[in-house]
Amino acid sequence: MTLKHQMREEHQAYRRHLRARPELKRDLDRAISNHAVRYLKATGGGNAAAYHPLASEPGGASFVAALAEACRALFLPISLADGVLGWTPYTAALVPGALGISEPSGARFNSAVLRSCSAIVVPALAVDRSGMRLGKGAGYYDRALAGLEVPTVAVVYARELVDAVPHAPHDIPVDAVITEEGILELT
């Protein structure tokens, strides 16, 4: 078992632990949402991109709606063929996507639309203090973020901010981390 695989399993187990304690997870997610809104407002409230959290991911059910209120337009990802992300402006009407992740229906854009954003909020299983993030292993976000000069912030629970994340040369670091404890700028 690789170190990345082992780390993914450990963090997924922690998230299952939180799902079994819905009151605790709700409180953590509420704090994360508040910090994420503050982060977006501090970037000027322009366009932003984010993710729609799965039940196990940080943010909770009201995460996307809260972020949408803090910016002009919020783009959410759509999983396309070959590990590519497309992006669609958020509307309250979400439909099940290809990977079972809720996504908006409507106009679709490629990742070039991210250049119009003042911030990009990305999911992670863990992040280290140099900004390297551990995702689920498919590389969707690394491909979408490659070559962008837009502030990127990963969202994790505080215990998922770790000393080191194994990474490859193609992995893209983030500029900041949001946890229930606050916002940590990494650059």
Using a 3.5 Å distance criterion without hydrogens, assess whether the side chain of [X] forms a donor-acceptor pair with backbone atoms of [Y].
X: Asn110; Y: Gly86; value: no
X: Glu57; Y: Leu54; value: yes
X: Thr88; Y: Ala107; value: yes
X: Arg133; Y: Leu125; value: no
X: Asp128; Y: Ala164; value: no
X: Asp175; Y: Val153; value: no
X: His35; Y: Glu180; value: yes
X: Thr179; Y: Tyr157; value: no

Taking the side chain as everything from C-beta on, heavy atoms only, tell me whether [X] gets closer than 4.5 Å to [Y].
X: Arg159; Y: Tyr14; result: yes
X: Val127; Y: Met132; result: no
X: Tyr90; Y: Val64; result: yes
X: Leu80; Y: Arg108; result: yes
X: Val165; Y: Asp171; result: no
X: Tyr140; Y: Pro77; result: no
X: Leu85; Y: Ile78; result: no

Ignoring hydrogens, what is the shortest heavy-atom contact between [X] and [Y]? Give both atom names and the distance.
X: Pro53; Y: Gly60; answer: CG-O, 3.7 Å
X: Ala55; Y: Lys25; answer: O-CE, 3.0 Å
X: Trp87; Y: Ala50; answer: CZ3-O, 3.8 Å
X: Gly182; Y: Arg38; answer: CA-NH2, 4.5 Å
X: Ser118; Y: Gly46; answer: OG-N, 3.8 Å
X: Leu40; Y: Ala119; answer: CD2-CB, 3.7 Å

Establish whether [X] and [Y] are linked, either directly or via other cluster members, by ILVMFWY side-chain heavy-atom contacts under 4.5 Å.
X: Leu67; Y: Ile178; value: yes
X: Val122; Y: Val150; value: yes
X: Val162; Y: Leu28; value: no
X: Leu74; Y: Phe109; value: yes
X: Leu161; Y: Leu18; value: yes

Exercise. Between Arg15 and Glu160, is there a salt bridge with N-O shorter than 4.0 Å?
Worked result: yes
Exercise. Does Arg30 come within less than 4.0 Å of Asp27, counting only side-chain N to carboxylate O?
Worked result: yes
How many angstroms lie between [atom1] in [X] and [atom2] in [Y], if you round to the nearest 0.5 Å?
X: Leu114; Y: Ile120; atom1: CG; atom2: CD1; value: 4.5 Å
X: Cys117; Y: Leu148; atom1: SG; atom2: CG; value: 9.0 Å
X: Ser116; Y: Arg72; atom1: OG; atom2: CZ; value: 8.0 Å
X: Cys71; Y: Tyr39; atom1: SG; atom2: OH; value: 13.0 Å
X: Arg143; Y: Ser111; atom1: CZ; atom2: OG; value: 10.0 Å
X: Ile183; Y: Ile32; atom1: CD1; atom2: CD1; value: 11.5 Å

Problem set entry | Neighbour count >12 (heavy atoms, 6.0 Å) for atom CZ, Arg19 | no
Exercise. Heavy-atom count around Gln12 CD within 6.0 Å, excluding the residue itself: above 12?
Worked result: yes
For this session: Establish, yes or no, whether a centroid distance under 6.0 Å links the rings of Tyr51 and Phe63.
Result: yes
Seminar exercise, completed: Tested for side-chain hydrogen bond (donor to acceptor under 3.5 Å, both in side chains) against Gln6, the lone hit among Glu9, Glu10, Lys4 is Glu10
For this session: Begin with the C-alpha distance, continue with both residues' side-chain angles, and end with the deciding distance and a verdict on side chain to side chain donor-acceptor pair (under 3.5 Å) for Arg8 and His5.
Result: CA-CA 5 Å; Arg8 279 188 189 102; His5 184 74; 5.5 Å; no
